[in-house]
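Written below as structure tokens is the structure these notes are about.
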Amino acid sequence: MYKVLILGGTSEGVALAKKLSEDPILIPITSLAGRTRGPKIVQGLLRQGGFGGVKGLVEYLISEEIFAVFDATHPFASQITKNAISACKSAKVPLVRLTREPWVAETGDDWDNVESIAQAAKSIPVGARVFVTTGRQELEPYFKRNDIWTLVRVIDMPSKQLELGKGKFIAGRGPFSVEEEVDLMGAYRVDLLVSKNSGGQSSYGKIVAARRLGLPVIMVRPPELNLEIIIYYSLREASEWLRGYIN
Ligand code: NAP
């Protein structure tokens, strides 16, 4: 039996755990940072919480006798990816990244590509009714804008009232269909969307919805990591990579 660690927190991580758990010689262990209450159910084993940096991850890989690691974390989760590279090198455990290619603007899209959430918040025109979908970890730059109205979608509602100037928090966990996104943006009379360029299908509905409604999008570019790591964009290729080590 081979224990395989999946660094997750994405729909790709969930799908990978399902696929690997179908193989009787594999024991997939999904690792989540533990940021959301009531995470999605995954096939195989689950562990939650940080490892304690590179050192903690090395210790985990050795003590749990991990055979290989899949980094299926979100394209914007750069710290854990860097840690995984260092830790796997040190513990001599094979590592591969399963990720998504960023979205590319299509005809009819009106995107303003920016480098950071701080820049995104600054770029919002005065008086805009903006739908913010960049997560709850970096909300401060939006809160500083009292001259806009903000609809913030988060997975878990904040436990204490955050200082949102004018606007509203709503809770929701994707994937959302294009129709759901169109209805939501229409109901709140949103005239601008802010999104991370996360790639993939699971959160693409809002991008199509903005296109359909003719709304501009402030799009935060993914971090350029330039890392030494094998990257696959498909589940099939990533699981074949593992087969190469077992056979
Ligand atoms: P990050 O900045 O790269 O990581 C910060 C720290 O969180 C890491 O050093 C690690 O702590 C811990 N961590 C992150 N992912 C982990 C995992 N899968 N298992 C165990 N520990 C993990 O990550 P982030 O941007 O805060 O994202 C956290 C998690 O949410 C990721 O797993 C990611 O896939 C998911 N997520 C992120 C985004 C996003 O926009 N950033 C969006 C959707 C989902 P230690 O150093 O203590 O090990």
Side-chain angles (χ1 to χ4, degrees), residues 3-17 20 28-40 42 44-64 66 68-88 90-91 93 95-100 102-103 114-118 120-121 132-142 152-156 171-176 193-207 218-225 227 229 231 238:
K3 280 192 199 171
V4 178
L5 180 66
I6 301 168
L7 299 169
T10 56
S11 52
E12 287 77 11
V14 174
L16 184 62
L20 298 185
I29 306 170
T30 296
S31 173
L32 301 177
R35 301 268 199 279
T36 52
R37 298 191 282 266
K40 282 184 180 165
V42 293
L45 305 178
L46 175 69
R47 69 160 299 286
Q48 292 197 71
F51 295 95
V54 176
K55 188 170 172 285
L57 183 50
V58 170
E59 284 165 9
Y60 178 87
L61 296 175
I62 294 169
S63 65
E64 289 294 320
I66 300 296
V69 178
F70 288 88
D71 172 16
T73 56
H74 190 271
F76 280 72
S78 51
Q79 187 58 53
I80 187 69
T81 295
K82 289 179 195 159
N83 291 0
I85 292 172
S86 301
C88 288
S90 172
V93 174
L95 167 70
V96 73
R97 181 152 166 76
L98 172 63
T99 189
R100 320 143 177 184
W103 300 313
V114 298
E115 299 299 326
S116 64
I117 288 182
V132 168
T133 61
T134 46
R136 60 183 288 182
Q137 286 189 55
E138 259 189 282
L139 289 171
E140 214 49 48
Y142 304 106
V152 184
R153 184 166 64 201
V154 289
I155 292 178
D156 296 317
R173 174 178 291 179
F176 303 99
L193 170 69
V194 183
S195 172
K196 288 178 175 172
N197 191 339
S198 306
Q201 279 309 307
S202 62
S203 57
Y204 195 54
K206 63 188 176 220
I207 308 300
I218 297 178
M219 188 67 91
V220 184
R221 286 198 184 95
E224 278 187 33
L225 298 177
L227 300 170
I229 186 168
I231 296 178

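Quantities reported herein were computed from a predicted structural model and do not represent experimental measurements. Start at 1 and go down the list; that is how both ligands and their atoms are numbered. What you see below is based on every heavy atom in this structure, not just the backbone, and it leaves out hydrogens, waters and symmetry mates. Starting from 1, each residue takes its place in the sequence as its number.
- At the shortest separation from atom 11 (O) of ligand 1 among protein heavy atoms lies Gly50 CA, 3.7 Å.
- Arg97 is not listed as a side-chain neighbour of Ile85, based on a closest heavy-atom distance of 4.5 Å or more.
- At least one side-chain heavy atom of Lys40 sits under 4.5 Å from a side-chain heavy atom of Arg173.
- Atoms of ligand 1 lying under 4.0 Å from any heavy atom of Gln137, numbered from 1 in the order shown and given with element: 26 (O).
- Every atom of ligand 1 with a heavy atom of Ala77 under 4.0 Å away is listed here by number and element: 3 (O), 23 (O), 24 (P), 25 (O), 27 (O), 33 (C).
- At least one N or O atom of His74 sits closer than 3.5 Å to an N or O atom of ligand 1.
- Taking every heavy atom of Gly53 and a limit of under 4.0 angstrom, the matching atoms of ligand 1 come to 45 (P), 46 (O), 47 (O), 48 (O).
- Evaluated by nearest non-hydrogen atom to atom 10 (C) of ligand 1, the leading choice among Thr73, Leu5, Ile80 is Ile80.
- The side chain to side chain donor-acceptor pair (under 3.5 Å) test applied to Glu115 returns Arg221, not counting sequence neighbours.
- Side chain of Thr73 to backbone of Leu7: no donor-acceptor contact under 3.5 angstrom is found.
- Within the 4.5 Å cutoff, the side chain of Glu12 has no heavy atoms near those of the Thr99 side chain.
- A heavy-atom separation below 4.0 Å is not found between Pro75 and ligand 1.
- Under the 4.5 Å side-chain criterion, counting only non-hydrogen atoms from C-beta, Ser195 is in contact with Trp103.
- Counting heavy atoms closer than 4.0 Å to ligand 1, residue Arg47 contributes side-chain atoms (C-beta onward) but none from N, CA, C or O.
- Residue Asn83 has at least one heavy-atom neighbour below 4.0 Å for each of these atoms of ligand 1: 9 (O), 46 (O).
- The shell of residues lying under 4.0 angstrom from ligand 1, judged by heavy atoms, excludes Gly56.
- By the 6.0 Å and 45° rule, Arg100 does not stack over the aromatic ring of Tyr204.
- Rounding to the nearest 0.5 angstrom, the gap separating the NZ atom in Lys196 from the CD1 atom in Ile117 is 4.5 Å.
- Counting protein heavy atoms only, atom 2 (O) of ligand 1 is closest to Gln79 CB, 3.8 Å.
- Of the candidates Gly52, Ala33, Ala72, the one placing a heavy atom closest to atom 47 (O) of ligand 1 is Gly52.
- Between Gln48 and ligand 1 there is no heavy-atom distance shorter than 4.0 Å.
- Nearest to atom 5 (C) of ligand 1 among the protein's heavy atoms is Arg35 NH2, 3.6 Å.
- To the nearest 0.5 Å, the span separating OG1 on Thr81 from CZ on Phe76 amounts to 12.5 Å.
- Remark: the backbone N or O of Val194 is paired with a side-chain donor or acceptor of Thr133 at under 3.5 angstrom.
- Ligand 1 places these atoms under 4.0 Å from at least one heavy atom of Ser78: 3 (O).
- Looking at Thr36, its side chain never comes within 3.5 Å of a backbone N or O of Pro39 through a donor-acceptor pair.
- Summary of contacts: the protein heavy atom closest to atom 48 (O) of ligand 1 is Phe51 N, 2.7 Å.
- Counting only heavy atoms, the protein never gets under 4.0 Å from atom 30 (O) of ligand 1.
- Near Gly8, meaning under 4.0 Å from one of its heavy atoms, ligand 1 places the atoms 18 (N), 31 (C), 32 (O), 33 (C), 34 (O).
- With rounding to the nearest 0.5 Å, the separation of OG in Ser31 from CG in Asp71 is 10.5 Å.
- With rounding to the nearest 0.5 Å, the separation of OG in Ser116 from CD in Glu138 is 7.5 Å.
- Looking only at heavy atoms of the protein, atom 18 (N) of ligand 1 is closest to Ser31 O, 3.0 Å.
- Not a single heavy atom of Lys82 lies less than 4.0 angstrom from ligand 1.
- Look at Leu57 and you'll find every heavy atom at least 4.0 Å from all atoms of ligand 1.
- Near Gly9, meaning under 4.0 Å from any of its heavy atoms, are these atoms of ligand 1: 34 (O), 35 (C), 36 (N), 44 (C).
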Q: Start with the C-alpha gap between Tyr142 and Thr134, add the side-chain angles, then the distance that decides, and say whether side-chain hydrogen bond (donor to acceptor under 3.5 Å, both in side chains) holds.
A: CA-CA 11 Å; Tyr142 304 106; Thr134 46; 2.9 Å; yes
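- Listed by number with element, the atoms of ligand 1 under 4.0 Å from a non-hydrogen atom of Lys196 are 39 (C), 40 (O), 41 (N).
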